[in-house]
There are 2 protein chains.
Amino acid sequence: MSTNEDTIEELKKIVKQKGLKYTEQREIVLKILMNADGHLSAEEVYNEIKTKHPESNVGIATVYRALGFLEEVNLITSITFGADGKKYESNQKEHHDHLICTSCGKIVEFLDDEIEKRQDRIAKKNKFKITSHSMQLYGTCGDCQD
Amino acid sequence: MSTNEDTIEELKKIVKQKGLKYTEQREIVLKILMNADGHLSAEEVYNEIKTKHPESNVGIATVYRALGFLEEVNLITSITFGADGKKYESNQKEHHDHLICTSCGKIVEFLDDEIEKRQDRIAKKNKFKITSHSMQLYGTCGDCQD
DNA sequence: GTCAATGCAAATCGTTTGCATGAAC
DNA sequence: GTTCATGCAAACGATTTGCATTGAC
């Protein structure tokens, strides 16, 4: 687990290494995701920027491009929750899976070592080299079962 | 596990029970999915219909409506594979999870009882009543690791 | 000064909707 | 005959693209 500053440094390094340019916009998008507690859609990131950085005139197209870039270099991850569309989260968090309440939308994160181990075993048995995985359990949370 | 005929009968029963009408279009969509070996997108179902049932003039809107209906009454299931969008499969198959090759697109299905059990336990611990879940492992298959 | 990244608007993709017509009951 | 389902085309929301301009190096 690294600090926000570390991750920003990481981004600078990657950008330099690729011969690309370091821009405020990419940094802002990354920061928004690092400071968000949940999972944000592209549009939500865009709105956050508009409220938290009103001075920076960032277009929605740039948000999409930045998200694509950050995911490609593995600083963020995208997940698709059922009908809710694509959402993003910073990779600073440890890997985890999701319990999703289909009634109120609540999301609980969890991690189960045994499941992780079994996933690796299944992959090996099928000669797959796993790069990522995602697992979602859909249902009704305690509060919504009335 | 039931035969195609059983499932068609099931559809007829559901439709009657709901006071709706039994149409050839819904039947065709269901049949396409029962006979497909993989997972089809709405567009792919539509194209299949155009080639396999060229006489029936089915519109894409009807395909979407039929898919929505069939999923609602639990005869088919939808899954979202990363960037690939929503795909559908018949519920005649037993539940299973997916290994997906991000290089060639190959999909291997698997089932692990221990993982299923653990998922239930996690849900219970968090007071969730699970209705469904989906799990995908992404990576590179044996053939693509060169 | 060069080249990548941006903002904007237009284009595109997948999906949904309104509505007049047709088919099931 | 009534009502639901359909086909078509238009509408829609999310994402992408083309292009002239701006900003990082």
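Chain naming here is simple, since letters A, B, ... match the order of the sequence lines and numbering starts at 1 in each. Side chains included, hydrogens not; waters and symmetry mates left out as well; all remaining heavy atoms used. The structure presented is a predicted model; accordingly, all values stated were derived computationally and were not measured.
- Each of B:V29, B:L67, B:L40 was evaluated against B:I76; a single residue qualifies, B:L67, per the side chain to side chain contact (heavy atoms under 4.5 Å, CB included) test.
- Residue A:E43 contributes atom CD, which lies 13 Å from atom P of D:dT16 at whole-angstrom precision.
- For B:Q25 and C:dA23, the shortest distance from a side-chain N or O to OP1 or OP2 is not below 4.0 Å.
- D:dC25 atom P lies 15 Å from atom CD of A:Q17, rounded to whole Å.
- Ion pair B:E27/B:K12 not flagged as a salt bridge, since none of the NZ, NE, NH1 or NH2 atoms sits closer than 4.0 Å to an Asp/Glu carboxylate oxygen.
- By the 6.0 Å contact criterion, NZ on A:K87 is enclosed, its count of non-hydrogen atoms from other residues, nucleotides or ligands being greater than 12.
- Spacing between atom CG of A:N57 and atom C1' of D:dG23 amounts to 14 Å, rounded to whole angstrom units.
- At the phosphate of C:dA5, OP1 or OP2 sits under 4.0 Å from a side-chain N or O atom of A:R26.
- Atom CG of A:L40 is separated from atom P of D:dT15 by 13 Å (rounded to the nearest Å).
- Atom OH of B:Y46 and atom OG1 of B:T51 lie 11.5 Å apart (nearest 0.5 Å).
- Atom OH in B:Y64 sits roughly 16 Å away from atom C1' in D:dA10 (whole-Å rounding).
- Phosphate proximity of C:dA5 to A:T62: absent, as no side-chain N or O sits under 4.0 Å from OP1 or OP2.
- Checked against C:dA5, D:dC8, D:dT15, the side chain of A:L20 finds its nearest nucleotide in C:dA5.
- Backbone-only engagement by A:Y22 is indicated by non-hydrogen atom pairs under 4.0 Å involving sugar-phosphate atoms exclusively.
- Put simply, NZ on A:K86 is 14 Å from C1' on C:dC13, counting in whole angstrom units.
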(request) Apply the test side chain to side chain contact (heavy atoms under 4.5 Å, CB included) to residues B:E109 and B:H39: give CA-CA distance (whole Å), side-chain angles for both, the deciding distance (0.1 Å), then the verdict. (result) CA-CA 11 Å; B:E109 302 177 348; B:H39 311 76; 3.5 Å; yes
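- At whole-Å resolution of the value, CD in B:E44 and P in C:dT15 are 11 Å apart.
- Considering only side-chain N and O atoms, A:T23 lies nowhere under 4.0 angstrom from the phosphate OP1 or OP2 of D:dG23.
- Separating the NZ atom of A:K21 from the P atom of D:dG23 is a distance of 13 Å, rounded to the nearest angstrom.
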